[in-house]
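Report on one structure; see the data block that follows.
Read the numbers this way: they start at 1 and go in the same order the structure lists the ligands and their atoms. Values reported hereafter were calculated over all heavy atoms of this structure, with side chains retained and with hydrogens, waters and symmetry mates removed.
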Amino acid sequence: MTEPKAPEIIVIGAGIIGVSSALALLRAGHRVRLLDRTGVAAETSSGNAGAFAFTEIEPLATPGIMRKAPKWLLDPLGPLAIRPAYAARIAPWMLRFWRASWLDRYEGGVKAQSSLMTLSRAALERLLPTVDGETRIRREGQLQLFESQSEFEASLPSWEARRQQGIRFDLIEGQQAIAEIQPGLSPRFTHAGFTPDWINVVDPAQWTRHLGQQFVAEGGSLDTAEVRALTPGESWVEVVTSTGSLRAGQVVVAAGAWSHHLARGLGDKIPLETERGYNTTFASCDFDLRTHVTFSRHGFVVSKIGEGVRIGGAVELGGLQLPPNYKRAEILLRKARSFLTGFDPEGGTQWMGFRPSLPDSLPVIGRSPTAERVIYAFGHGHLGLTQSAGTAELVAALAAGRTPEISLAPFAPQRF
Ligand SMILES: Cc1cc2nc3c(=O)[nH]c(=O)nc-3n(C[C@H](O)[C@H](O)[C@H](O)COP(=O)(O)OP(=O)(O)OC[C@H]3O[C@@H](n4cnc5c(N)ncnc54)[C@H](O)[C@@H]3O)c2cc1C
């Protein structure tokens with residue numbers, strides 16, 4: 001790859017974070033080159049549940065989580081699992097996860113996540129009309145289901161945290177009231193919370209590709225190359241790729257669950273791990289799904305994708321190398337068949353994706369402490385699609401040297 005003129009900004013990774021950031025940078029007037037080792041939407045951004053889950057402001061590490069976790073871990077196919085071959089490797093991350101659940105850190109986490117959610121929601125509304133977005137989304141809200149009075153009551157502190165942040169929701173009691181929002185659910189679900197402001201994309205892979213096409217149509221460059229190292233120079237960063245070296249004025253690392261490899265080469269140790277998730281997608285389905293449905297206790301969701309449905313979720317801590325265990329997708333599907341009356345589609349495509357996750361559930365958004373021309377934008381965990389438009393605006397502000405709209409201190413790469 002030879003370049004007559006160094007591109008001003010190189011964005012590494014064409015998942016939803018990289019593509020959104022590249023588009024925002026281009027629209028801010030920069031020359032931008034987007035690099036991916038495979039192509040647009042090659043990894044986690046292709047197969048997720050497709051939700052802009054703006055109400056999910058709580059970190060995973062809630063106070064008391066370490067009391068509940070062992071019970072979940074006893075079930076190897078339960079909502080949370082650690083692959084035995086990975087247990088020792090994940091231990092330092094788990095320690096940080098436990099620390100993140102201490103009350104003061106948890107409260108700070110909720111505040112930080114809320115600020116990013118508020119920005120991201122507004123940023124998405126700004127983006128939609130500029131990319132012909134309205135036809136590619138659904139505004140159908142989300143129904144979170146509970147199976148007993150006690151389970152519902154245990155969720156009340158989370159609803160209170162949302163209320164304090166001005167998030168809209170309705171709490172619902174009784175099967176009849178639930179059926180008015182989503183008919184066809186098993187009678188085991190006695191309570192629910194409905195969040196009307198969730199938005200879903202029609203298909204997350206298509207959405208990411210659409211933004212990628214928009215980026216190219218507006219003059220951005222898109223190349224296939226694996227980035228192997230970053231070397232800061234006096235007024236540039238050398239980007240060493242599988243097809244040659246490039247020089248950039250600034251670099252954005254948005255390589256999802258693989259980002260820490262590049263950061264480590266610069267001397268930044270960031271405790272990024274992956275929470276692997278599983279799902280099964282059916283191209284068509286007779287079940288009348290009217291909203292995004294979340295089965296809280298079981299750690300999975302059912303969402304519309306295209307003309308069909310996707311059933312998935314779960315968290316498996318197993319790193320980037322171990323082969324998938326698709327029994328996890330099967331168990332979720334089996335549960336969905338028993339929770340949704342008449343839901344019995346045939347076929348289905350199984351998928352596993354690598355959520356890029358920091359122990360405090362907050363992404364890293366900020367300049368590298370060791371290389372000022374490198375901006376990090378990764379680690380969005382369960383919420384990368386949700387926070388993509390907001391993250392893109394923050395990256396554009398950083399690249400331009402502007403003060404970002406929200407404080408980036410809680411997202412700083414050096415916070416660990
Ligand atoms: C089962 C499941 C359900 C989910 N549901 C939702 C949801 O409903 N809503 C939501 O907001 N989030 C959801 N998520 C999370 C979301 O998918 C991720 O947070 C998001 O996709 C991360 O995007 P990304 O761009 O950071 O990473 P990715 O999409 O993984 O993109 C990273 C890109 O970087 C490239 N890359 C990596 N290393 C290099 C390198 N060295 N050189 C060049 N390229 C490189 C890869 O090829 C890849 O294309 C879900 C995740 C899973 C697993």
Side-chain angles (χ1 to χ4, degrees), residues 10-22 34-56 116-117 120 124 142 198-201 204-205 207-209 211-212 222-230 239-243 251-263 265 272 274-281 292 294 299-305 310-316 320 324 328-329 332 350-358 361 363-365 376-392:
I10 289 181
V11 178
I12 304 167
I16 191 61
I17 299 296
V19 167
S20 304
S21 300
L34 178 58
L35 297 180
D36 196 286
R37 62 187 177 197
T38 313
V40 176
E43 294 281 355
T44 323
S45 301
S46 66
N48 62 46
F52 290 98
F54 295 121
T55 62
E56 298 309 282
L116 184 52
M117 287 300 194
S120 296
L124 178 68
Q142 178 240 188
W198 274 44
I199 296 172
N200 278 57
V201 283
W207 173 249
T208 310
R209 279 190 219 116
L211 296 185
L222 172 65
D223 286 326
T224 305
E226 182 173 16
V227 177
R228 298 194 168 147
L230 301 173
V239 180
V240 183
T241 82
S242 49
T243 55
V251 167
V252 178
V253 177
W258 298 266
S259 300
H260 56 318
H261 297 154
L262 293 170
L272 185 74
T274 180
E275 294 177 62
R276 297 147 57 119
Y278 290 85
N279 60 36
T280 309
T281 305
H292 181 109
T294 302
F300 77 99
V301 305
V302 178
S303 54
K304 277 190 214 168
I305 299 292
R310 179 165 291 163
I311 294 103
V315 168
E316 182 187 66
L320 294 167
R328 307 196 70 84
L332 302 182
Q350 293 177 326
W351 178 82
M352 183 191 71
F354 297 98
R355 298 183 190 94
S357 299
L358 278 312
S361 300
V364 165
I365 306 171
Y376 292 141
F378 58 80
H380 295 74
H382 294 237
L383 297 164
L385 174 64
T386 308
Q387 297 177 336
S388 52
T391 300

Would Val251 and Val227 count as a side-chain contact (heavy atoms from CB on, under 4.5 Å) if you check the C-alpha gap in whole Å, the side-chain angles of each, and the deciding distance to 0.1 Å? CA-CA 11 Å; Val251 167; Val227 177; over 6 Å; no
d(Asn48 CG, Arg355 CZ) to nearest 0.5 Å is 9.0 Å
Minimum side-chain heavy-atom gap [X]-[Y] below 4.5 Å:
| X | Y | result |
| --- | --- | --- |
| Arg310 | Pro204 | yes |
| Asn279 | Ile311 | no |
| Leu211 | Ser20 | yes |
| Lys304 | Asn200 | no |
| Thr281 | Trp351 | no |
| Val315 | Ser357 | no |

Distance filter under 4.0 Å to [X] heavy atoms, resulting ligand 1 atoms:
| X | answer |
| --- | --- |
| Gly13 | 33 (C), 34 (O), 35 (C) |
| Glu43 | 30 (O), 46 (C), 47 (O), 48 (C) |
| Ile16 | 23 (O), 25 (O) |

Using distance alone, decide if ligand 1 has a nitrogen or oxygen within less than 3.5 Å of any nitrogen or oxygen in [X].
| X | result |
| --- | --- |
| Leu385 | yes |
| Leu35 | no |
| Ala49 | yes |
| Phe52 | no |

Which protein non-hydrogen atom lies closest to [atom], naming both residue and atom, and how far is it?
| atom | answer |
| --- | --- |
| atom 41 (N) of ligand 1 | Val227 O, 2.9 Å |
| atom 15 (C) of ligand 1 | Gly381 O, 3.1 Å |
| atom 35 (C) of ligand 1 | Asp36 OD2, 3.1 Å |
| atom 30 (O) of ligand 1 | Thr44 OG1, 2.9 Å |
| atom 9 (N) of ligand 1 | Ala51 O, 2.8 Å |
| atom 10 (C) of ligand 1 | His382 O, 3.2 Å |
| atom 52 (C) of ligand 1 | Arg355 NE, 3.6 Å |
| atom 31 (O) of ligand 1 | Gly15 CA, 3.4 Å |

Tell me the nearest of [options] to [atom], using heavy-atom distances.
| atom | options | result |
| --- | --- | --- |
| atom 16 (C) of ligand 1 | Ile17, Val301, Thr386, Asn48 | Asn48 |
| atom 45 (C) of ligand 1 | Arg310, His292, Arg276, Arg37 | Arg37 |
| atom 23 (O) of ligand 1 | Ser20, Ser45, Ser21 | Ser45 |

Compute the minimum heavy-atom distance from Gly50 to ligand 1 and say whether it is under 4.0 Å. yes
**Prompt:** Among the heavy atoms of Ser259, does any lie under 4.0 Å from an atom of ligand 1?
**Reply:** no
Kindly indicate, with the supporting measurements, whether the criterion side-chain contact (heavy atoms from CB on, under 4.5 Å) is fulfilled by Ile17 and His380. CA-CA 9 Å; Ile17 299 296; His380 295 74; 3.6 Å; yes
**Asked** Would you call the rings of Trp198 and His292 parallel, tilted or perpendicular if under 30° counts as parallel and over 60° as perpendicular?
**Response** tilted
- Query: In terms of ring plane angle, is the pair Phe54 and Phe52 parallel, tilted or perpendicular, where the classes change at 30° and 60°?
  - Reply: parallel
Honestly, for Ser46 the part within reach of ligand 1 (heavy atoms, under 4.0 Å) is neither
Test log, rule side-chain contact (heavy atoms from CB on, under 4.5 Å), inputs Arg328 and Glu316: CA-CA 9 Å; Arg328 307 196 70 84; Glu316 182 187 66; 3.4 Å; yes
